[in-house]
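Since the structure comes first, as structure tokens, the remarks are kept for the end.
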Amino acid sequence: MQVTIISPERTEFEGAADAIVAPAFDGLVGILPGHAPFLTLLGQGRVRVRRGSETVEVGVSRGFLQVAGDTVRIVADRVM
Amino acid sequence: MAKPRELRRRIRSVENTRKITRTMEMVATSKLKRAQDRVVAARPYAQALADVLADLYAPELAERFPLLRQPGRGTDRRVALVLITSNRGLCGAFNANLIREARQRLATLEEQGVVVDLHLVGRKGAAYFRFAGRAVASQRIDIGDRPTPAHAAELIGPLAEQFIAGTLEGVEVVFAQFRSAVSTPPTTLRILPVTAPARGAASGGDRAGAIANYILQPSAHEILERLLPLYVQNQLYRALVETAAAEHGARRTAMKNATDSAGDMLDVLRRTLNRARQAQITQEISEIVGGAEALQG
């Protein structure tokens, strides 16, 4: 699946992933390929994007996460 | 006819001015490039936020969100006008155009009996309204040409609070819309109350109503409540970023014109200098010849 992490200033990350763990407003959510359409608010914490054995970590706070088809959009007010 | 010495002095002076304007043109070009990149880089976020809000928005919700509430009874006839200008000059009519747009909007609003709070961003706008002697609600000159979302948040925070409290019936921004480096029309945008974004063409017709199939956590209502402030803040951020880019575009154009006219002036001055120099030589020759003939005669 395709992941994009977007901050107000720029697209912070764009790429394929096998699994994502993201901090939702009420706790961590895990997204695997084939996830149902999903929209949730982000809390504060680190998004982990795993592809093969590599993991990319990005700190986010506020915003939302959207799963639509095979793409995941993480739109955060602040990205650290 | 001007003296050759005087002409040489002027040529030197114009040459030096042209060096400065040409350098400023090159600096503005490189800053424009970076500012333009920031405008483009800010688009996906704005688009993503607008798409989701368009999907979640329903007209019947408008009454329940303070940020969406249209002005009605019970609100003060008071509007906050945020004018964004640059901190520096030498960019042609850039700031003058923005200030004119703001003054027109100000006049229109005041005609309708609305009290206007002026919030100024940028040294040029602040200087104008100080000169005009108009009271200003707030001003800041520290944002410069690299605005951040944090700047936008600081600006909109107090205004949004006043809007929610009902002491403001609207917030408008006057900024330079960045269509291209040479087209940056001054624009007035009403950012509060929020006009719900229309479903963008980019999101496609097939997604209209698709939100119904989404798993929403928490409810649509709560998501809207959290995302609306981000949307408002982002509109202001984009106004700041676009104005910054437009400023560099305007400066590049102004400095290019200045460099070109310095070149034209130099052409004329050099021609005049050569003519004066040749006239002087011709005169000297005819004096010598005349003198020699007088001796022989």
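Everything numeric here is computed off the predicted structure, so don't read it as measured data.
Between B/Phe65 and B/His221, the distance from one ring center to the other falls under 6.0 angstrom.
Contact annotation for B/Gln233: only side-chain heavy atoms (C-beta onward) come within less than 4.5 Å of a heavy atom of chain A. No part of A/Thr4 comes within reach of chain B, as not one of its non-hydrogen atoms sits under 4.5 angstrom from that chain. Contact annotation for A/Leu42: only backbone heavy atoms (N, CA, C, O) come within less than 4.5 Å of a heavy atom of chain B. Heavy-atom distances place both the backbone and the side chain of B/Ile223 under 4.5 Å from chain A. Only the backbone of A/Ala76 comes within less than 4.5 Å of a heavy atom of chain B; no side-chain atom from C-beta onward does. Only the side chain of A/Phe25 comes within less than 4.5 Å of a heavy atom in chain B; its backbone stays farther off.
A donor-acceptor pair shorter than 3.5 Å can be found between the side chains of A/Gln66 and B/Tyr214. Between the side chains of B/Thr188 and B/Glu101, at least one donor N or O lies within less than 3.5 Å of an accepting N or O. A donor atom on one side chain and an acceptor atom on the other are not found under 3.5 Å apart for A/Gln2 and A/Thr71.
When side chains are defined from C-beta on, A/Val47 counts as touching A/Pro23, because their heavy atoms get closer than 4.5 Å.
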